[in-house]
Amino acid sequence: MLTATRALAAVTMGPKGTLSAAVLALAVSVTTATYNHAWGTQQVYTNFLAILVVSVASVMTSRAIATRRSIELDQVRRIAVAAQEVILRPVPAQLGPVRRPACVWRLRPEHRSAVICTRPFRPGTASG
């Protein structure tokens, strides 16, 4: 049960959650060894070694998964920015009697919303 917990944590909880599960497994193992007066036996040290090996592998897997998800998210964001630039053409300065606003919201390449001001804001005009 303790081995499966760390392996599942690697897939679902990220590196910090996986490390927390490993510390919990170690605490349970120490408590069990103390309660059963099993210190000094080969079974306790084998159990600690198994906890260490599975925990290290789980944390490494968790970090790899987190890195892969981050790379995929960055790729999706780059695609979204490119699609927005293709689909959302610049607004014309004037379309009949209607004038565009002084500032428009657009997604910038650094993945944050930003305001692009095309001319100063003037209260009382069509854009202000």
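We're numbering straight along the sequence, starting at 1. Excluded from the calculations below are hydrogen atoms, water molecules and symmetry mates; all remaining heavy atoms, backbone and side chain alike, are included.
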Separation between OG1 of Thr67 and CD of Glu72, rounded to the nearest 0.5 Å: 11.0 Å

Smallest separation among heavy atoms of Val44 and Ala33, with atom names: CG2-CB, 3.9 Å

Euclidean distance, Leu19 CG relative to Leu24 CG, rounded to 0.5 Å: 11.5 Å

Any donor-acceptor pair under 3.5 Å from Ser55 side chain to Ile51 backbone: yes

Distance in Å, Leu49 CG paired with Gln42 CD, rounded so as to fall on 0.5 Å steps: 10.5 Å

side-chain contact (heavy atoms from CB on, under 4.5 Å) between Ile65 and Arg69, worked out: CA-CA 6 Å; Ile65 290 171; Arg69 286 180 182 164; 3.6 Å; yes

Side chain Asn47, main chain Gln43, donor-acceptor under 3.5 Å: no

Heavy-atom donor-acceptor pair, Ser62 side chain to Ser58 backbone, under 3.5 Å: no

Linked, directly or transitively: Tyr45 and Leu26 (ILVMFWY side chains, under 4.5 Å): yes

Residue pair Trp39, Val30: steps toward the side-chain contact (heavy atoms from CB on, under 4.5 Å) verdict: CA-CA 9 Å; Trp39 287 105; Val30 167; 3.9 Å; yes

Joint cluster assignment, Met60 & Leu52, ILVMFWY side-chain distance < 4.5 Å: yes

Short side-chain to backbone donor-acceptor contact, Ser70 and Ala66, under 3.5 Å: no

Atom pair NZ (Lys16) and CZ (Arg63), whose distance is rounded to the nearest 0.5 Å: 10.5 Å

